[in-house]
Amino acid sequence: MNRKKLLKVLPWITTPGLLVVLFVVWELSVTALDVSPLILPPPTMIFENLGTLLAQPGTWDNVRVTVIEIVLGFVAGTLAGVLVGVILGKLPLVEASVRPLIIALEVVPKVALIPLFVIWFGFGMTTKVIIAGLLAFFPVMLNVLLGVRSVDRGHRDLMQSINASRWQTFRHLEFKSMMPHVFAGMETAIVLAVIGTIVGEYLGGNEGLGYMVVKTLNELNAPALFAVILMLATVGLIMYFIVTSFKRVAIPWHESVYGRKEVG
Amino acid sequence: MNRKKLLKVLPWITTPGLLVVLFVVWELSVTALDVSPLILPPPTMIFENLGTLLAQPGTWDNVRVTVIEIVLGFVAGTLAGVLVGVILGKLPLVEASVRPLIIALEVVPKVALIPLFVIWFGFGMTTKVIIAGLLAFFPVMLNVLLGVRSVDRGHRDLMQSINASRWQTFRHLEFKSMMPHVFAGMETAIVLAVIGTIVGEYLGGNEGLGYMVVKTLNELNAPALFAVILMLATVGLIMYFIVTSFKRVAIPWHESVYGRKEVG
Amino acid sequence: GTASSGAAGGSGSGIAPFTYLSYLPMETLSVAPELLADAGGHFENHGLQVTFQSTKGSPQAIQTLVAGAGPLTRVGAIDLITAAADGQPLVNVGSIVRGSSIRILNATVNPLEKPEDFLGKTIGVPSEGGTSDKSLSLMLHKAGLNPDDVARQVVGLGPGTFELVKRGDIAGYMVSIDQSIVTQQQFEGEAQAFDAGDAVRADSQIYTATQQSLEEHGEEIKAYMAAIRDAVQEIIDDESLESVIETMRSKYSFGSLDDDEVAKESLSQSRDLWTAKGTQPLLTTDEGYWAEGYEELVSAGMVEAGSDPSEWLDNSYLPAS
Amino acid sequence: MSMQTQPTVATPETAVPDASPEIRISGLGKTYKTERGTTHALSDINLDIHKEEFVSLIGRSGCGKTTLLRIMAGLVPPTAGQVEIGGRALWDQETVDSSVIRRLGVVFQDSNLFPWYNIEDNIALPLRLRGVKKNERRDRVRELAELVGLENFLPNYPRELSGGMRQRVAIARALSDNPELLLMDEPFGALDALTREKMNMEIQRIALATRATVVFVTHDIDEAVSLGDRVVHLTPRPGRIKDVVEVPLARPRGLEIKKDAAFHGLVGNLHTSLNEEDDHES
Amino acid sequence: MSMQTQPTVATPETAVPDASPEIRISGLGKTYKTERGTTHALSDINLDIHKEEFVSLIGRSGCGKTTLLRIMAGLVPPTAGQVEIGGRALWDQETVDSSVIRRLGVVFQDSNLFPWYNIEDNIALPLRLRGVKKNERRDRVRELAELVGLENFLPNYPRELSGGMRQRVAIARALSDNPELLLMDEPFGALDALTREKMNMEIQRIALATRATVVFVTHDIDEAVSLGDRVVHLTPRPGRIKDVVEVPLARPRGLEIKKDAAFHGLVGNLHTSLNEEDDHES
Ligand SMILES: Nc1ncnc2c1ncn2[C@@H]1O[C@H](COP(=O)(O)OP(=O)(O)OP(=O)(O)O)[C@@H](O)[C@H]1O
Ligand SMILES: Nc1ncnc2c1ncn2[C@@H]1O[C@H](COP(=O)(O)OP(=O)(O)OP(=O)(O)O)[C@@H](O)[C@H]1O
Ligand SMILES: Cc1ncc(C[n+]2csc(CCO)c2C)c(N)n1
Ligand SMILES: [Mg+2]
Ligand SMILES: [Mg+2]
């Protein structure tokens, strides 16, 4: 087997393998050290609970709610990030003026503001979508800003030399060359949208996987808690892969995409 | 005044200016619309509270605790990120095997695990340092991994042609050319370390600015809550600027640094 | 665990370190006995040097207790019985609050005054399935109503939460005594508090240890309970409350303590709860009440039948009175 | 250095103004202002270029060749003087007459192809921006691709082409809208010597076929002489025209001119002339 | 095409083996295996190079010039044959004899300077890795910088230098450890014609001054002939030696050889010979 092919196939073999090893070691050490399942339940117990949870239709409703919130928040945050990023990217003076404020906003723990959001936007999905969107916004915006700035000088000259209008320059050049940056931002954004949604559900409302975390915690049901965390990880992973697959479709011409393809 | 100089000086004028405008508009609209100070207190009230808080030595103890946790978590996460990133970067087969697990770990809302961390590592700084470190770890690690991979081929050839040992190649080439990537990761990492510390303090223990958020929330003291949030934003901003300034000292030769200098 | 074994401790001063796990932050008068025992030197008198550690809610308090992060905590009887019936090795070593220490804030224009008023409405709870949530269910059940007829909504508690009631998004929400007083002050004439009273036996607050912590730190736990008793007694003895408030302020500062009116009102309400309006000896758990509390939970379907609740009760760590 | 005679040397400013030049550059100057001071990139440039003429522009690095071409292409405004194309002024202060721009095709040193478009779409871009219909575009692109010998690569992406092929795409794109005037800035600088020679043949063929007027910047003396009807020699700081050398050989010219004595004479003279300049590297 | 006589043509394999060649390449072959199949980059290369000889290596893009040089530099293992340097075998399977490597200096097409070190540290790098003391290093670096005319730029960073200056730094670095053998892969490919000519003069001067044996890869025929004692012409797929042309002109050679008939004859012949090869593009 060729090394490059190996690199492509390997994850599909080793990931399950490593997971199995991890779970076996975990199970054995928890049993051997007699750790209370309240603190770290053995994987068998977690999977049992996962099975029970997945058999309940209510669980799937919660998954649905969480997924919808993540997706809406992610899409809203991304769109806003692109829009603001483009505008600030085009207006360096404005950008220089607001940059410290933007960093301050990014650094402020939005978690502390969730109670306020609940008051302003209610307990429903809106609040979680807004939190997810807010967290997703920043990486996209910062990347787009960078992207707009790093349009190739020669490409700009070309557009000018063929008398392109502002809109044409945006559509055929700036937008396209910004896309890889948008996707780089989106890869971080989806992770943050997941976190934002969960924290939002954690602190308000009564549906979603974040809510299930609180509920299982309050029931002192550690195995179920871990089962929910496992579900969260799965949802996050799927979201992440959807974004990266979408990238392959949207910007097949970019190095980060065709470079990989050639490996395969 | 020259445009480039303007771009450098502008933030120091407009940021305070914008803040003043923001606060004035905020103050006036809150007063005009008769918004309850419990929902959105006017800035004057917030600053009054900020003054009171800053006059108490206990506040400064909390600031100190938070800053120490952020710094330790950030440093630990960065070091671990560099180490793991270098190792995985050097071993593509291992990296391909563990990548899905890494993404899964990144996507798991670590916030949901904080109660467990508290059980495992206690209520003290350790837990917050670990959370901050864990959040800071990923962006650094992923960037370093990328950095190790993207060492210039020609530079590698050169080192080989002058008979450099593995360690010499690391010291004079790989380490140096990795640095800009490390800093790119660190800029994200410091923001995440701040968030991680605050969330950690929020959910366990009884010191730090995050704890002050809980306290003011529980006291139903909106102006003090906003004052604490303001302090958080300031701490975060200072941390961020320290990291970017450190970059200027550490990698003066890199484009992202000297490019800026030339602007000034 | 942080506490060293042996009551007398290793140091020459004879002061033993002790970690108390609090499910509430220490900035509430709900933990006034602890605050006074600390600020008033009662812990020191009993040879203890106490560190308070706050957790986020009672489940975490129980988790950390079981994990050995500290030998003692305080949770609702509801939490203790539920977890003990589930096999957790928890022991009640003293009742502090007898009756509901939770208030349900509601609007005077759309008041909640008796259990029937709750039907068909939505009530804000701090967390789904938490202590407050369960005590609300028990209260409704005890009144012969179906708890499912009252919807719950998790509400992040903050300064402006009462706006949600004013807007009609929720009919009321659950807070601690001092928070209810502060809010009634802030929303003068608009806000009022519903008190579930002492009808529900399981709606009480219990000092909780594990079998293991009792074995390893029995002496310190005894000392702790003695210090708490002295502190509570001091609060009861100080009719005007001015002196105890002064003492607490010497070391602590937070909204409800710093405000004379709020502090006095919430301490006097608490005082009634600690003594069950003078009907119960301090801290001693009445075995009959304890059994009743268990039966309430069983009948409400929150706990499986078939356990003997007296196994989870041990009054022997209390000071002889 | 060389003793060979110089066939024809026009004075820097064409003494008798041309009756109807396609391009008239008059009194052109350009000063860049930067942090470090002012650079006089061009000063008092006067030049008339006839229809269908092929003018090579030569000079040392930094002498202002690119600046001159960029001013002619409407990319940078001059600080003095004017460029008239087909009798119309190109510049009005900082703004450029876009009806004049439409008559130009520009080829840069880098091909500047868009990696997100395939070869067909890259060639068609100027037509697309002008609103030419899809069908019409397709036919024209095929025609152009045949002209540059890339008809089999239309669906490919730029990264799948070699440097020489990419540069040919850029030429096709520049030709797509039938420019009357082709401006080329070291279009073959990045190519190896052999590919470069081939491209020189092609550009001559294309220039003749499309009857375009060409201004061709290069720093390669051989290339300048083998392609141009005239070679304009710029000297740096400030960029001025030092020489305008006529090349009295018929176009197109094959590799055989490398053995022509007149060719070598011109090359030798230009060589000497260029080397006379001060060394610019510090 | 050209009718000029060819001064001297050695057979591809030197008929009478040299008594004590500095470099002996024998039966060298290299096959790359990739996803898309196998590339025979080099096949049966035999060549002896004398001490202090200057050998130019020429050929079309992809003919294996770089591969041959990389094998000689110890960067890529051959799949057949051997390279002996000063009588010692360079390769033992995939591993390289580092005592031989120590005798080499390599200059790449890119200068490959480290942007994080200033010019002084870049030049000193090979000495530093060998553990030479700081003081000693400083003196040697100054000497080298004077040799390449950059003594005033020691504290500068690479980005502050022009392309030609950077390439001179790379040469100084390659010379720092007194190599007996200098391997250069299109070192002046990125430079403009004039700078390039100057560099050609310098490299001749340096080669004579240091008495180094030089293997110099280029695709520029003029350059190959003006620099080399011999010009080795490789043909592609698989890379083989087609011709070894001796240049019977004394070194160093100035610009005046461009007027020498023998020079033009050699250039013309190589030209023809190179153009005979199949077109390789597309
Ligand atoms: N945008 C600019 N800002 C400031 N100075 C500039 C700018 N562009 C060019 N210059 C300066 O103007 C002079 C002429 O530059 P120009 O690019 O026209 O030279 P060139 O002849 O094309 O050189 P090369 O052969 O290296 O491409 C140089 O001294 C250069 O430094
Ligand atoms: N690492 C590699 N893997 C696979 N094939 C390679 C590799 N390096 C070179 N080749 C192939 O080997 C052949 C010779 O390449 P080489 O780089 O030696 O040519 P060259 O003569 O230096 O060309 P150029 O003048 O373009 O630099 C080419 O066909 C090339 O595609
Ligand atoms: C004395 C006492 N105080 C509070 C609660 C429960 N509770 C009501 S509101 C709230 C959230 C903020 O404190 C919590 C935890 C209780 N059961 N007993
Ligand atoms: Mg130029
Ligand atoms: Mg090569």
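Quantities reported herein were computed from a predicted structural model and do not represent experimental measurements. Quick note on labels: first sequence line is chain A, next is B, and so on, each numbered from 1.
D:P115 has its side chain within reach of A:H155: a pair of non-hydrogen atoms, C-beta onward, lies under 4.5 Å apart. Considering only heavy atoms from C-beta on, D:W116 comes within 4.5 Å of A:S177 through its side chain.
For the set D:L113, D:N118, D:V107, the entry with the most heavy-atom pairs within less than 4.5 Å of chain A is D:L113.
Atoms CD and CZ, on A:Q160 and D:R70 in that order, are 7.5 Å from each other to the nearest 0.5 Å. If you take CE on D:M72 and OG on A:S161, they are separated by 13.5 Å, rounding to the nearest 0.5 Å. Taken from CG in D:N112 to CZ in A:R156, the straight-line distance is 12.5 Å, to the nearest 0.5 Å. D:D110 CG to A:R153 CZ: the interatomic distance, rounded to the nearest 0.5 Å, is 12.0 Å.
Surrounding CZ of D:R142 are at most 12 heavy atoms belonging to other residues, nucleotides or ligands under 6.0 Å away. For A:F170, the CZ atom sits in a packed shell: over 12 heavy atoms of surrounding residues, nucleotides or ligands are nearer than 6.0 Å.
With a 4.5 angstrom heavy-atom cutoff, A:M179 does not touch chain D via any of its atoms. Residue contact with chain A, scored on non-hydrogen atoms closer than 4.5 Å, is absent for D:L183. Contacts between A:D157 and chain D at a heavy-atom distance below 4.5 Å involve backbone atoms as well as side-chain atoms.
A:L158 and D:F108 get closest at one heavy-atom pair: CA-CE1, 3.9 Å.
Remark: of the listed residues D:L104, D:V106, D:L129, D:I101, D:L129 is the sole one forming a side-chain contact (heavy atoms from CB on, under 4.5 Å) with A:I162.
Between D:F114 and A:H172, the distance from one ring center to the other does not fall under 6.0 angstrom.
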